[in-house]
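See below for the structure under consideration.
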Number of protein chains: 2
Amino acid sequence: MLSTIIPLHGTLYFEQTMKKNVSIEKRKTFRHGDLRNALVTAGLEMARAGGPNAVILREATRQAGVSPNAAYRHFAGQAELLDAVRSACLSRVAASIEDEMKKHKAGRDPQAFARKSLRAVGMGYLGFAVREPGMFRTAFSVPPPVHSPDPANTASMGLNPFQLLSLALDRMLDSGLLGKKDRQDAEYLAWSTVHGLALLALEGPLHKMPREMVLALGERLVVMVERGLG
Amino acid sequence: MLSTIIPLHGTLYFEQTMKKNVSIEKRKTFRHGDLRNALVTAGLEMARAGGPNAVILREATRQAGVSPNAAYRHFAGQAELLDAVRSACLSRVAASIEDEMKKHKAGRDPQAFARKSLRAVGMGYLGFAVREPGMFRTAFSVPPPVHSPDPANTASMGLNPFQLLSLALDRMLDSGLLGKKDRQDAEYLAWSTVHGLALLALEGPLHKMPREMVLALGERLVVMVERGLG
DNA sequence: CTATGAAGTAAACATCGTCCACATAATCTA
DNA sequence: TAGATTATGTGGACGATGTTTACTTCATAG
C-alpha cells in the first residue's frame with residue numbers, strides 16, 4: 001500500500017527548508033529514532049554560534065527534519081530545551097577544566113601541586129570561555145542551582161566545574177597553603193574572579209579585548225586569588 | 001472642525017491596551033511631546049523587572065500610548081532602544097558607587113582613605129546589583145566599549161563605573177599601597193571579581209544565595225583584592 | 001490481530017520586530 | 001498670513017517565534 005510509504009496527511013517536512021541547510025537527511029521512517037538528542041545537538045550548535053538567545057526551538061526541529069511541534073514530545077517548551085543545551089555546555093566547561101588539571105600530576109611538593117591545580121581550574125575555565133564564547137555564555141545564562149548533582153553536567157571525572165574548584169581548594173588546604181577559616185566558601189571568591197573576567201570579556205565592556213590579553217590578565221588574576229585568599 | 005480633534009485616520013491608540021496597564025494618559029495632541037524619553041522610561045521599567053530580554057519595543061510604545069512604529073522616529077530599532085536603556089542603567093550603577101564613596105572623606109591617613117575608596121567602589125557595585133538585579137544585568141549585557149566617554153553613562157561626578165574604579169586605584173597607588181607595576185591594568189582584575197560575584201548571584205548558579213550572604217562574600221572579596229593586588 | 005499509546009503532523013493563534021505608504025500638525029518661509 | 005516643508009504618528013502588512021488543539025501514523029504488548 002502506498003499509504004505506508006507516503007502518508008496521507010504527513011508530508012514529512014521535506015522541501016520547505018531547502019535553502020542551504022545542511023544535514024537534513026530525508027528521513028524515510030515516520031519515527032525519527034533519536035529526536036531528543038538531535039534537538040539538543042542542533043541547539044548546542046546554535047548556542048555555540050550565538051549564545052543562549054540564539055537557541056531557537058523551531059530552528060532545531062527544522063535541522064532535525066521534523067515539524068515544530070514534534071519538539072513538544074520531548075520538551076515542555078523552549079525553556080526546557082535550553083536547559084538541556086545548557087547542561088551540555090556545562091559539561092564541556094568541566095571537560096576543559098579537567099584537561100587543564102590533567103597536565104600536572106601530584107609530585108613531591110604538595111604545595112606546588114595545589115597551586116598548579118588552582119591555576120588549572122581558573123585557566124581551564126577562562127580558556128573555554130575564550131575558545132567557546134557562545135557555549136560558555138549559555139552554560140551560565142540562567143539559574144540551575146549549584147548543588148544539583150546532575151550527572152549530565154559532569155565530564156569524565158564526574159565533577160562539575162564547581163566541584164573541580166573545590167577539589168583544587170582542598171589541595172590548598174591540605175598542603176597548608178590555606179587556613180581552615182580562609183578555606184570556608186573560598187569557592188565563591190575564586191569563582192567570582194574568573195567568571196567576572198570571562199563575562200566582561202565576552203559580553204561586557206571588555207568585548208574587544210584580544211584573547212591573549214584576556215588570558216594574560218587571567219594569569220595575573222589567578223595569582224591575585226592565590227595571594228589574596230590566604 | 002472635528003477632524004482637528006478626532007483624526008480621520010488615526011485612532012490615537014486607545015482601547016486596545018485597556019487590560020490593566022497603568023499610566024496611559026489618553027493623549028489628546030497628535031504629537032506626544034516627549035516620546036523618546038517616555039520610551040526609554042518604559043524600557044527602563046521593563047529592564048528593572050526582567051532584565052535586557054524583557055525590554056520590548058512594542059510594549060514601550062503601548063505604555064507611551066503610541067503606535068508601535070512611532071518608536072522608529074526616535075530609534076533605528078529595538079537594539080537602539082535597548083542601548084539607550086542600557087545607558088540609563090549604567091548611570092544608575094555609577095550613582096550607586098558614588099553614593100558609597102561619598103560616605104568617606106579624605107582624612108589624615110591616605111592609605112586608610114584609599115582602602116575605603118576601593119571598598120566603596122566594590123560594595124557600591126555589588127549593592128546595586130543586589131538591589132536592582134534587572135537594571136544591573138541590563139547595564140552589562142551587550143558590549144558598549146569601555147572607553148566611551150558617553151556623558152549619558154555618567155552620574156553626578158561625571159565618571160562611569162570604570163573611571164570611578166580607576167580613581168580608587170589611583171588613590172592606592174598614590175598612598176603607596178600599590179606599586180606602579182601592580183597598578184597597571186588593575187582595574188580589570190578588581191572589576192572582574194565583583195562583576196563575577198554579581199553575575200553568579202544574579203543569573204548564575206548562586207541564584208538562590210540570600211542577598212546578605214552575597215554582600216558578606218563581597219566584603220571578603222574586596223579584602224582579597226586588596227591583599228592580592230599588592 | 002487488534003488496541004493502545006508514543007511520536008509526528010497540520011493548522012491556527014498571539015506576540016514580536018520591522019518595512020511601506022500615508023496622515024497630521026508644527027514650523028519655516030515668502 | 002498663506003503655503004510648503006518636515007518631523008512625528010498611524011495603519012496595515014510580512015515573516016519569525018513559541019505554543020495549543022486536534023488529528024495521524026505506527027510499533028508493540030497482550
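This structure is a prediction, so every number in the text was calculated from the model and none was measured. Letters A, B, ... mirror the listed sequences (proteins, then strands); counts begin at 1.
- A side-chain donor-acceptor contact under 3.5 Å links Ser166(A) to the backbone of Phe162(A).
- Between dG8(C) and His74(A), a contact under 4.0 Å exists linking OP1 or OP2 to a side-chain N or O.
- Between Leu35(A) atom CG and dT25(D) atom C1' the separation is 15 Å, expressed in whole Å.
- The stretch residues 76-85 of chain B touches DNA chain C through Gly77(B), Gln78(B), each having a heavy atom within less than 4.0 Å of the strand.
- Summarising the geometry, the separation between CD1 on Ile56(A) and P on dT19(D) is reported as 11 Å, rounded to the nearest angstrom.
- In this structure, the side chain of Gln163(A) engages the main chain of Asn160(A) through a donor-acceptor pair within 3.5 Å.
- In terms of phosphate contacts, Tyr72(B) brings no side-chain nitrogen or oxygen within less than 4.0 Å of OP1 or OP2 of dC19(C).
- No hydrogens or angles were tested; on distance alone, nothing pairs the side chain of Arg36(B) with the base of dT8(D) as donor and acceptor under 3.5 Å.
- Atom pair Leu39(A):CG and dA7(C):C1' shows a separation of 12 Å (rounding to whole Å applied).
- Taking a cutoff of 4.0 Å between a charged side-chain nitrogen and a carboxylate oxygen, Arg137(A) and Glu203(A) qualify as a salt bridge.
- The interatomic distance linking Met46(A) (CE) with dA16(D) (C1') rounds to 14 Å, in whole Å.
- Using cut-offs of 30° and 60° for the angle between ring planes, the His195(B) and Phe140(B) rings count as perpendicular.
- Side chain of Thr193(A) to backbone of Thr193(B): no donor-acceptor contact under 3.5 angstrom is found.
- The interatomic distance linking Leu57(A) (CG) with dT19(D) (P) rounds to 7 Å, in whole Å.
- Remark: C1' of dT8(D) and CG of Asn37(B) are 16 Å apart, rounded to the nearest angstrom.
- Between Arg62(A) and the phosphate of dT17(D), there is a side-chain N or O to OP1/OP2 separation shorter than 4.0 Å.
- Distance CZ (Arg73(A)) to P (dT19(D)): 15 Å, rounded to an integer number of Å.
- Look at Arg119(B) and Glu100(B) and you find no salt bridge, because none of the NZ, NE, NH1 or NH2 atoms lies under 4.0 Å from a carboxylate O.
- Between the CG atom of Asp34(B) and the P atom of dG9(D) there is a distance of 10 Å, given to the nearest Å.
- Using bins of under 30°, 30° to 60° and over 60° for the plane-to-plane angle, the ring pair Tyr125(B)/Trp191(B) lands in the perpendicular bin.
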